[in-house]
Amino acid sequence: MARPLHAAIGERPILCLMCGNNTFREREVKLNSTGMEFFNMAWANESATGLICWSCGHVHLFVNRDLRTYRQKREH
Ligand SMILES: [Zn+2]
């Protein structure tokens, strides 16, 4: 079962660009897979991390080694 994840780049938490939600589903996206050829870039063999907003479904695509995801923590 997929569970909501939080995501951050460094110390900066990622919020959905559309609705401001802060929980996501994570999915690896191969940039050289069928349907992605239009990128036609030198880094085409890399994979990206897709973060799918848990609330509205908007997909955020990252190629960033500093991106990390983590399980929801309890409120302090
Ligand atoms: Zn959203």
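Counting begins at 1 with the first residue of the sequence. Counting convention: from 1, in listed order, for ligands and their atoms alike.
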- Message: Which Ile, Leu, Val, Met, Phe, Trp or Tyr residues join L5 in one cluster when any pair of side-chain heavy atoms under 4.5 Å counts as a link?
- Response: none
- Message: Can a donor-acceptor pair be found, under 3.5 Å and without considering hydrogens, that links the side chain of R68 to the backbone of G10?
- Response: yes
- Item | Side chain H60, main chain L17, donor-acceptor under 3.5 Å | yes
- Message: For N64, give me all partners under side chain to side chain donor-acceptor pair (under 3.5 Å), at least two apart in sequence or on another chain.
- Response: none
- Item | Within less than 2.8 Å of the Zn ion (ligand 1): protein N, O or S atom count | 4
- Task: Calculate, to the nearest 0.5 Å, the distance between atoms CG and CD belonging to L51 and E26 respectively.
- Result: 6.0 Å
- Query: Excluding sequence neighbours, so at least two apart, what forms salt bridge (Lys or Arg N to Asp or Glu O under 4.0 Å) with E28?
  - Reply: K30
